[in-house]
Amino acid sequence: MNDGMDEEVPKKKPEPMDGPVLSERDRAKLERRKRKEERQREAQYQMHLAEMEAARAGMPVVCVNHEAGGPAVRDIHMENFNISVGGRDLIVDGTITLSFGRHYGLVGRNGTGKTTFLRYMAMHAIDGIPSNCQILHVEQEVAGDNTTALQCVLNADIERTQLLEEEARLLAQQRDLEFEGVTAKSEGDLKGGIDKDAITQRLQEIYKRLELIDADSAEARAASILAVST
């Protein structure tokens with residue numbers, strides 16, 4: 001019955017470990033380094049957000065300009081321009097030509113003035129940018145919502161949006177006046193039509209302006225802009 005009881009049971013070999021075994025001190029040092037790197041990344045991210053907010057504050061309001069006069073120049077020629085911030089020269093005797101239909105990239109180290117240069121262009125602060133040219137910027141940090149890309153482009157036409165909102169408001173007032181007129185007539189108390197005439201005249205002005213800025217084709221033009229940009 002005792003046969004085989006004296007045989008030694010083979011010991012289980014320890015599983016190989018990847019890399020050297022760290023002491024408690026080494027692990028604590030790694031944790032401190034990890035937390036320091038996370039704080040540095042967070043600080044850099046907050047600095048990036050502050051820079052984007054400052055750049056956005058200096059940008060002109062996105063708005064379609066229906067009154068852009070002069071010839072429709074598409075190329076941009078900027079010659080011998082200087083850009084300085086706080087007494088520091090960022091660009092001296094700069095010369096740039098941007099041809100219509102081409103894609104360009106702006107490359108440079110942080111702090112060399114890339115964002116400032118784009119802001120100056122958007123503000124038309126550099127000679128050589130045609131008056132009919134509108135320069136827009138896409139934000140890097142955007143809060144998401146349910147607004148479609150097509151509606152975002154349409155919202156840039158502030159004049160069209162305001163005219164349509166005013167039209168809807170005046171039409172509602174016109175319907176209210178007509179209802180009040182019918183009620184007053186049935187009760188034998190007719191009101192003057194001065195307000196109604198003023199509303200009708202303003203609506204005619206709105207319709208003429210909408211026709212002038214080609215508001216009916218705005219959605220199709222916005223779709224074509226999105227198709228080209230993609």
Side-chain angles (χ1 to χ4, degrees), residues 41-42 44-76 96 98-108 110 114-126 129-176 199-200 202-230:
R41 284 195 295 268
E42 179 63 22
Q44 290 175 354
Y45 177 69
Q46 293 300 329
M47 185 180 299
H48 165 73
L49 291 182
E51 291 175 351
M52 291 299 101
E53 186 64 28
R56 180 169 51 190
M59 295 296 180
V61 177
V62 178
C63 177
V64 175
N65 183 12
H66 293 290
E67 305 298 341
V73 181
R74 293 188 171 186
D75 295 339
I76 297 176
I96 295 179
L98 303 176
S99 300
F100 176 75
R102 290 177 176 261
H103 296 267
Y104 296 89
L106 186 59
V107 182
N110 292 336
K114 299 187 300 296
T115 302
T116 303
F117 168 63
L118 294 176
R119 183 164 66 245
Y120 270 56
M121 286 186 61
M123 296 172 63
H124 286 235
I126 303 175
I129 302 178
S131 58
N132 65 285
C133 179
Q134 186 179 25
I135 301 174
L136 307 178
H137 297 259
V138 178
E139 295 185 32
Q140 297 184 20
E141 310 293 338
V142 181
D145 55 23
N146 295 327
T147 307
T148 64
L150 181 63
Q151 189 59 46
C152 287
V153 177
L154 291 173
N155 290 343
D157 194 341
I158 297 177
E159 182 181 5
R160 172 182 175 272
T161 302
Q162 291 176 343
L163 288 173
L164 292 177
E165 290 176 352
E166 185 179 2
E167 177 202 14
R169 185 172 64 254
L170 291 175
L171 288 175
Q173 293 178 0
Q174 193 177 57
R175 287 193 298 269
D176 292 341
I199 291 175
T200 302
R202 179 54 186 161
L203 283 173
Q204 291 176 353
E205 295 173 355
I206 290 175
Y207 293 142
K208 288 181 180 179
R209 184 59 184 171
L210 288 172
E211 183 179 0
L212 182 63
I213 66 176
D214 199 11
D216 290 339
S217 65
E219 189 167 335
R221 285 184 282 119
S224 66
I225 291 173
L226 293 174
V228 171
S229 62
T230 55

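It should be emphasised that the depicted structure is a prediction, and the values quoted were computed from it without experimental measurement.
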Item to complete: State which residues pass side-chain hydrogen bond (donor to acceptor under 3.5 Å, both in side chains) with Glu211; sequence neighbours excluded, sorted by chain then number.
Response: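 None.
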
Q.
Looking at Asp75 and Ser99, would you say the former's side chain and the latter's main chain have a donor-acceptor pair under 3.5 Å?
A.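 No, because the side chain of Asp75 does not come within donor-acceptor range (under 3.5 Å) of the backbone of Ser99.
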
His124 side chain vs Ile135 backbone, donor-acceptor pair below 3.5 Å: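 No, the answer is negative, given that no donor and acceptor are paired below the 3.5 Å cut-off.
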
Restricting to side chain to side chain contact (heavy atoms under 4.5 Å, CB included), what partner residues turn up for [X], sequence neighbours left out?
| X | answer |
| --- | --- |
| Thr147 | Asp145, Gln151, Cys152, Asn155 |
| Leu106 | Lys114, Phe117, Leu118 |
| Ser217 | Asp214, Arg221 |

Can you find a heavy atom in the side chain of [X] that is under 4.5 Å from one in the side chain of [Y]?
| X | Y | result |
| --- | --- | --- |
| Met121 | Ile96 | no |
| Leu203 | Leu171 | yes |
| Arg119 | Thr115 | yes |

So how far is it from Leu163 CG to Asp157 CG, rounded to the nearest 0.5 Å?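 Here the interatomic distance stands at 8.5 Å.
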
Work out which heavy atom in Val153 is nearest to a heavy atom in Ala222; give both atom names and the distance.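 Between these two residues, the closest heavy atoms are CG1-CB, 3.5 Å.
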
#### Entry: salt bridge (Lys or Arg N to Asp or Glu O under 4.0 Å) partners of Arg209, counting only residues at least two apart
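Only Glu67, Glu159 meet the salt bridge (Lys or Arg N to Asp or Glu O under 4.0 Å) criterion with Arg209.
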
Legend entry - Test log, rule side chain to side chain contact (heavy atoms under 4.5 Å, CB included), inputs Leu210 and Leu164: CA-CA 8 Å; Leu210 288 172; Leu164 292 177; 4.0 Å; yes

Exercise. Please list all pairs passing the salt bridge (Lys or Arg N to Asp or Glu O under 4.0 Å) test where one or both residues lie in residues 160-172, with sequence neighbours left out.
Key: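 Listed once each, the pairs are Glu166-Arg202.
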
